[in-house]
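Heads up: numbering here begins at 1 and tracks the sequence.
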Amino acid sequence: MAPALALFGATIVSSVALKSGALRLVFDTGTYLNVEPDLRYEAWSTGGPDDLLFICLPGGGLSIFR
């Protein structure tokens, strides 16, 4: 948990969701965070403009809902 505290107050300047389900976030501090898919759980989800919903599927893959 302590490494994540360094991101408190930081701004996301880039986020990329891959078809594999991996997510990469880049912060204004130069720090980046990579999230890989989990075999059994949705590793992450996020919302976008116009009610877009992005979900990493268990085992990998990406679902996009409107």
Side-chain angles (χ1 to χ4, degrees):
M1 183 63 118
L5 290 176
L7 297 174
F8 184 77
T11 300
I12 297 172
V13 295
S14 172
S15 90
V16 177
L18 303 175
K19 288 181 184 179
S20 67
L23 176 69
R24 179 180 175 97
L25 302 175
V26 180
F27 296 86
D28 60 352
T29 61
T31 303
Y32 61 90
L33 176 66
N34 291 320
V35 183
E36 296 295 325
D38 186 84
L39 290 176
R40 299 185 310 179
Y41 303 101
E42 296 171 349
W44 60 268
S45 65
T46 188
D50 300 323
D51 295 325
L52 277 174
L53 179 61
F54 300 85
I55 300 173
C56 172
L57 300 171
L62 184 63
S63 278
I64 303 171
F65 299 94
R66 282 194 175 248

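- Shortest non-hydrogen contact noted between Ile64 and Phe54 is CG1-CD2, 3.7 Å.
- Under the 4.5 Å side-chain criterion, counting only non-hydrogen atoms from C-beta, Arg24 is not in contact with Leu33.
- For the pair Leu62 and Leu57, the tightest heavy-atom approach, listed with the atom from each and the gap, is N-CD1, 4.1 Å.
- A continuous path of hydrophobic side-chain contacts links Tyr32 to Val13 [ILVMFWY only; heavy atoms under 4.5 Å].
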Review item, side-chain donor-acceptor pairs of residues 36-51, under 3.5 Å, at least two apart:
residue, atom, partner, partner atom, Å
Asp38, OD2, Arg40, N, 2.8
Asp38, OD2, Tyr41, N, 3.0
Trp44, NE1, Gly21, O, 2.8

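- Linking ILVMFWY side-chain heavy atoms closer than 4.5 Å, directly or via other members, places Leu25 and Leu52 in a single hydrophobic cluster.
- The same ILVMFWY cluster, assembled from side-chain heavy atoms under 4.5 Å apart, contains both Ile12 and Val35.
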